[in-house]
Amino acid sequence: MRGFSFLQVWGLPDLLTSWLPTPVSYLDAFGTDTPSPDTNLHLVWSALAGLGLGLLIRGSALQRLAGAALIVFPWLDHAAFNHDVVNPEEGGFIGVVAGPLAFLRHALWLYPLIALGAATFLDRRTLLAAKRAWPDTLTEPERAGRPAFAALSGFAFAGLPWTPYPAWVYVLTRRAALYGHGRTGEDDPMRRAVAEATTALDESRSAEAWRGAGLRRRAG
């Protein structure tokens with residue numbers, strides 16, 4: 001208890017049906033509104049700072065500037081939030097910006113969506129550029145115009161239970177190699193390894209290639 005409020009520890013149904021919920025909230029003991037979990041400030045700040053760090057590491061000059069701003073903003077908002085809780089009457093720089101930052105928190109739920117959308121767009125653009133430059137890292141169905149998810153899913157289910165794991169390793173390795181595009185040459189070892197793995201994957205994409213791949217065959 002704190003005054004006329006109490007701590008509410010939210011259960012699994014509340015957490016699963018809320019967007020970025022905070023696990024514990026202070027609720028008014030005499031409130032009439034239906035309570036629900038608040039948006040977790042730290043999750044929002046982490047999403048923004050994570051995108052900012054990615055832009056600082058991999059972005060262009062303008063994107064690095066945006067990345068720096070995305071790292072400074074959560075730091076500043078965190079300081080302003082603590083200022084409002086601990087000593088709201090104190091002036092100074094934080095006291096001046098605390099009001100505008102508190103107003104911006106009305107759209108707190110939207111910030112992670114924008115960050116995720118931007119990250120997805122930049123990720124897709126980077127991968128598409130690398131795939132166009134390195135067509136030998138594309139499987140045969142992808143070169144024919146089939147989406148990557150459908151093409152790789154076909155291999156993943158071709159020879160259950162043996163194929164899902166190598167398909168997953170291939171996906172992760174290829175992503176790492178494609179992200180090196182523009183910073184590595186044609187003879188990059190990881191790029192060559194992915195190209196060879198792509199050829200092997202195309203040759204073993206059918207269910208017939210995995211027929212009899214049981215314990216006896218593996219032992220032999």
Trp10 side, atom CH2; Thr17 side, atom OG1 - distance, nearest 0.5 Å: 10.0 Å
Inter-residue atom distance Leu201.CG - Leu152.CG, 0.5 Å rounding: 6.5 Å
Specify the closest pair of heavy atoms between [X] and [Y], including all atoms of both residues, with the distance to one decimal.
{"X": "Pro112", "Y": "Leu20", "answer": "CG-CD1, 3.2 Å"}
{"X": "Ala98", "Y": "His83", "answer": "CB-ND1, 4.0 Å"}
{"X": "Thr163", "Y": "Ala156", "answer": "OG1-O, 2.6 Å"}
{"X": "Ala151", "Y": "Pro141", "answer": "CB-CB, 3.8 Å"}
{"X": "Leu178", "Y": "Ala130", "answer": "O-CB, 3.4 Å"}
{"X": "Arg175", "Y": "Asp123", "answer": "NH2-OD1, 2.7 Å"}

Is [Y] close to [X] at the side-chain level, that is, under 4.5 Å between some pair of heavy atoms?
{"X": "Phe155", "Y": "Ser204", "answer": "yes"}
{"X": "Leu101", "Y": "Phe81", "answer": "no"}
{"X": "Thr126", "Y": "Tyr179", "answer": "yes"}
{"X": "Leu138", "Y": "Arg174", "answer": "yes"}
{"X": "Asp38", "Y": "Ser18", "answer": "no"}
{"X": "Leu41", "Y": "Thr22", "answer": "no"}
{"X": "Ile71", "Y": "Trp75", "answer": "no"}
{"X": "Arg183", "Y": "Arg58", "answer": "yes"}

Glu142 side chain to Thr139 backbone, donor-acceptor under 3.5 Å: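 Judged by distance alone, yes, a pair lies under 3.5 Å.
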Short side-chain to backbone donor-acceptor contact, Arg192 and Asp187, under 3.5 Å: yes
Single-linkage hydrophobic cluster [X]~[Y], side-chain heavy atoms < 4.5 angstrom:
{"X": "Phe73", "Y": "Phe93", "answer": "yes"}
{"X": "Leu127", "Y": "Val194", "answer": "no"}
{"X": "Ile114", "Y": "Leu76", "answer": "yes"}
{"X": "Leu56", "Y": "Trp45", "answer": "no"}
{"X": "Leu53", "Y": "Leu43", "answer": "no"}

Working for side-chain contact (heavy atoms from CB on, under 4.5 Å), residues Leu51 and Leu116: CA-CA 8 Å; Leu51 175 60; Leu116 288 171; over 6 Å; no
Test side-chain contact (heavy atoms from CB on, under 4.5 Å) applied to Leu55 and Leu122, step by step: CA-CA 10 Å; Leu55 292 175; Leu122 294 172; 3.5 Å; yes
Lys/Arg-Asp/Glu bridge criterion (N-O < 4.0 Å) met for Asp77, Arg105: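 Between Arg105 and Asp77 there is a salt bridge, with a charged N closer than 4.0 Å to a carboxylate O.
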Electrostatic pair Glu140:Arg146 at N-O distance under 4.0 angstrom: no
Trace of the side-chain contact (heavy atoms from CB on, under 4.5 Å) decision for Thr198 with Asp136: CA-CA 8 Å; Thr198 302; Asp136 56 349; over 6 Å; no
Pairs where residues 131-152 contributes a residue and the test ring pair (Phe, Tyr, Trp, His ring centres under 6.0 Å) is met, not counting sequence neighbours: Trp134-His181
Ring pair (Phe, Tyr, Trp, His ring centres under 6.0 Å) contacts in which one or both residues fall within residues 98-131, not counting sequence neighbours: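 The answer is Phe103-His106.
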Side chain to side chain donor-acceptor pair (under 3.5 Å) partners for His78, two or more places apart: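 Once residues adjacent in sequence are excluded, the partners of His78 under the side chain to side chain donor-acceptor pair (under 3.5 Å) criterion are His42, Asn82.
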Derivation and outcome, side-chain contact (heavy atoms from CB on, under 4.5 Å), residues Arg143 and Asp202: CA-CA 11 Å; Arg143 291 194 297 271; Asp202 282 332; 3.9 Å; yes
